[in-house]
Amino acid sequence: MKLSELKTGEKAVVAKVYGKGSFRSRIIEMGFVKGSQVRVLMNAPLKDPIEYEIIGYRVSLRREEAALIEVVKVDEFVSADQTEKLHLKGIVAQDCKEMKLEGDHEGIVKEKHHHVRVALVGNPNCGKTSLYNIASGSNEHVGNYSGVTVDAKEGHFKHRDYDFTLIDLPGTYSLSAYSPEELYVRKAILNEVPDIVLNVVDASNLERNLYLTSQLIDMDVRVVMALNMYDELEDKGDALDIKQLGYLLGIPIIPTNGKMGKGIDEIFDTIIDVYENYDPKVARHIHINHGKDLEESIVRLQGLFRENSELSLKYSTRYLAIKYLEGDKSIEELVNGLPNYDHLVAARLEEQEKCKEVLGISSSDAIVEAKYAFVQGALAETYTRKVKKAHYRSSLTDKIDSIITNKWLAFPIFIAILYLIFWATFSLGAYPMDWINWCVEKFSDFISMNMSEGWLKDLVVDGIINGVGSVLVFLPNILILYLFISLLEDSGYMARAAFIMDRLMHKMGLHGKSFIPMIMGFGCNVPAVLATRMIENRRARLVTIFILPFMSCSGRLPVFVLLAGAFFPEHGALVLLGLYLFGILLSVLTAKLLSHFIKDDNLPFVMELPPYRVPTGKSVFRHTWDKGKQYLHKMGGVILIASMIIWALGYFPSHGKYPTVEEEQENSYIGMVGKAIEPVLTPLGLDWRMGVGIVAGVGAKELVVSSMGVMYGIGGEEEAAAEVVETSDTRLQKALQKTITPAAALGFLVFVLLYFPCFATFIAIKNETGGWKWAIYSAIYTMILAWVMAFMVYHVAGWCGLNGLI
Ligand code: GDP
Ligand code: MG
């Protein structure tokens with residue numbers, strides 16, 4: 001009977017816990033293990049949750065949770081042949097002492113032992129029946145052809161203190177419910193809920209066998225792997241890092257030989273281990289990454305499945321979502337009866353169409369492909385072939401890989417590609433940048449001619465149009481950068497880049513996948529922070545987010561260009577390169593430092609290796625535009641508000657009350673702020689006007705130059721439109737040359753490079769790390785680091801003779 005059916009005051013013994021992985025582990029951790037006694041403290045017919053007492057504790061369970069726990073009422077077996085009855089139900093009391101207290105039931109449980117149900121799942125002909133026979137001592141037919149086992153056989157035996165029921169299921173290549181065998185195996189796993197699934201894997205054909213494993217992983221069941229036919233792998237001279245593969249999959253792996261009976265004891269020892277422990281180092285539930293488009297669809301469907309709470313206790317909603325997206329017939333039947341049937345059907349249709357459009361293949365094909373990419377990635381890290389196989393999955397992918405991941409060519413190719421991207425971003429980007437600049441000028445002229453004088457006009461023209469315009473000009477750079485990133489991601493190269501960088505990244509406490517957000521960070525830190533979502537490892541993800549602000553984003557570029565041009569006209573490029581490299585260097589050091597402080601779950605994960613493919617136009621467009629949109633959002637929101645605030649701070653309360661613009665600025669609010677922080681800046685050789693630039697840069701780094709322009713009383717006045725940018729820039733440069741030394745300028749550059757991740761990034765960090773803590777740490781750390789580094793640079797450069805005004 002179900003636990004939920006017990007009445008107040010009744011006692012029972014737990015027989016079995018149904019439901020999916022995380023629910024099961026939680027329930028079992030509470031003490032609802034087979035054989036333990038529960039008493040109902042309070043179960044009123046309409047009351048939810050129900051209160052229970054188990055192993056001396058009070059716990060409350062929701063009614064639907066209690067319905068997933070099978071129990072046997074204690075009174076039920078007071079009579080004779082109780083032991084028999086218990087055995088049939090697979091129950092044995094865990095704590096005899098407690099049982100003995102019951103007096104009447106003393107005879108029920110004579111010895112303390114446990115019962116574990118193990119289901120054998122694997123491809124046809126991988127040696128399931130051989131293992132089954134050896135373990136259970138039975139003599140089932142073993143044949144070297146598929147389809148021998150047509151239905152399940154059950155065998156019983158003892159290992160250590162445990163009673164095992166071993167279920168030999170038919171062999172299947174997949175669990176997609178296409179064939180009767182597949183459906184049968186799936187039902188055996190999901191509805192009968194074995195305690196452990198023993199996945200038998202043919203070591204001589206890992207790729208195909210692990211595909212089935214990847215489906216078991218989705219189901220969120222506890223799996224132990226028998227790596228059978230290990231002798232054949234060894235005979236070929238190949239090598240497999242079993243431990244690492246096990247870590248990657250979250251499944252303990254034991255090499256076995258079904259013919260000679262090797263590894264059987266180890267298998268069942270491991271099963272007991274996994275059955276008794278929830279140590280994530282031994283076995284854990286991982287999520288296979290299906291790529292960002294599919295993952296988006298999965299998350300959406302998963303949300304809809306979650307609305308059905310009864311369903312979500314029983315099955316992994318992620319599994320349901322994946323299968324439903326795949327077009328699985330039996331999940332469709334399940335969906336038929338759900339209250340939110342309409343939503344699910346509509347959502348799936350939309351997601352399937354999106355997949356077709358963006359990836360160019362059906363969602364079911366895409367899911368299969370993603371699973372193979374996962375298997376490929378896992379094997380690439382762990383499997384070494386003695387003789388290179390002439391062909392496997394895709395010979396083209398293989399050929400390309402042999403060049404791109406070649407020991408000698410990998411890095412040069414990689415660096416060449418990076419160079420190409422930066423070149424295109426900044427050189428090609430310069431043209432549309434000019435056009436946008438021109439349009440903004442024209443627009444601002446048009447508005448200023450058609451609005452009547454007053455603070456409102458000044459707000460619109462100087463605050464909004466010029467503020468936002470100075471940021472809008474970077475949109476082409478951002479789009480070009482993301483166009484390339486999308487191309488690389490969709491073609492499959494990015495996955496290889498992560499692979500190539502992995503070892504280097506590991507030395508920094510990061511992960512190969514950290515690399516992609518870091519590259520994106522050169523464009524804009526905000527989408528880069530969002531891109532860290534693909535890093536599964538918590539520590540690697542946090543560290544990556546933390547160091548991203550050191551990747552010099554394109555917003556900082558105008559400051560660099562301006563100051564480098566003013567103070568180091570002959571060595572501009574060198575200064576620029578130096579700044580970028582300095583940022584990278586500090587990110588490496590920070591990562592190393594930080595990885596000592598963040599607790600690591602230390603669980604590796606697979607880097608998927610999808611096949612190479614020509615990206616579809618739709619997909620590239622979509623991904624590029626997604627990023628462009630994020631950037632535009634940032635401008636419409638944070639930057640718009642920040643420019644208005646900065647404008648207002650510079651305008652009030654002094655506007656029109658002083659003869660010169662300079663004096664007006666000095667007496668404005670922002671001038672006061674700049675002056676207030678001047679004591680901090682004097683040791684860096686800077687004055688309050690630079691301070692204003694720094695304060696404005698907190699809103700967005702793009703605002704540093706424009707606000708300094710205002711401070712030095714340049715720009716804003718009527719000049720020939722086409723020349724405004726250039727003349728105001730050069731005038732600002734001249735003004736700067738008169739006020740600070742090259743050494744101070746260099747320090748200022750370093751300061752701008754490092755200090756405070758702009759406000760939008762700050763918010764993104766807060767959102768992605770789930771709280772203010774990391775965002776605030778990051779703000780404080782970068783500020784202090786910026787000041788210290790600028791101070792050092794200023795003084796070192798001073799000693800080197802850069803301390804005179806030009
Ligand atoms: P099932 O279809 O998964 O039940 O596989 P069987 O147990 O029927 O085994 C298929 C064939 O593989 C039989 O000929 C076995 O003798 C053979 N076999 C099983 N385990 C091993 C092993 O570890 N090494 C080798 N070389 N052969 C094995
Ligand atoms: Mg068999």
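Whatever order the structure lists them in is the order used to number ligands and atoms, beginning at 1. No hydrogens, no waters, no symmetry mates; every other heavy atom, side chains included, goes into these values.
- Shown in contact with S130 at under 4.0 Å from a heavy atom are these atoms of ligand 1, numbered in order with element: 6 (P), 7 (O), 9 (O), 15 (C), 19 (C).
- Contact between G122 and ligand 1 is absent, with no heavy atom of the residue lying under 4.0 Å from the ligand.
- Here H287 pairs with H285, R318 under the side chain to side chain contact (heavy atoms under 4.5 Å, CB included) rule; sequence neighbours left out.
- The N/O atoms of P124, backbone and side chain alike, include none that comes under 3.5 Å of an N/O atom in ligand 1.
- By the criterion of a heavy-atom distance under 4.0 Å, the side chain of E232, and not its backbone, is placed next to ligand 1.
- Residue contacts with ligand 1: N257 is placed with a nitrogen or oxygen under 3.5 Å of a nitrogen or oxygen of the ligand (distance criterion only).
- The main-chain N or O of G155 is found under 3.5 Å from a side-chain atom of Y132 such that the two form a donor-acceptor pair.
- Evaluation of the side-chain hydrogen bond (donor to acceptor under 3.5 Å, both in side chains) rule for R117 yields no partner, not counting sequence neighbours.
- For ligand 1, the atoms lying closer than 4.0 Å to a non-hydrogen atom of D231 are 22 (C), 23 (O), 24 (N), 25 (C), 26 (N).
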| message | Set out, in order, the CA-CA distance, both residues' side-chain angles and the distance that settles salt bridge (charged side-chain N to carboxylate O under 4.0 Å, His left out) for D202 and K128, then state yes or no. | response | CA-CA 10 Å; D202 175 355; K128 291 180 301 301; over 6 Å; no
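- The pair E332-R348 meets the salt-bridge criterion, since a charged nitrogen lies less than 4.0 angstrom from a carboxylate oxygen.
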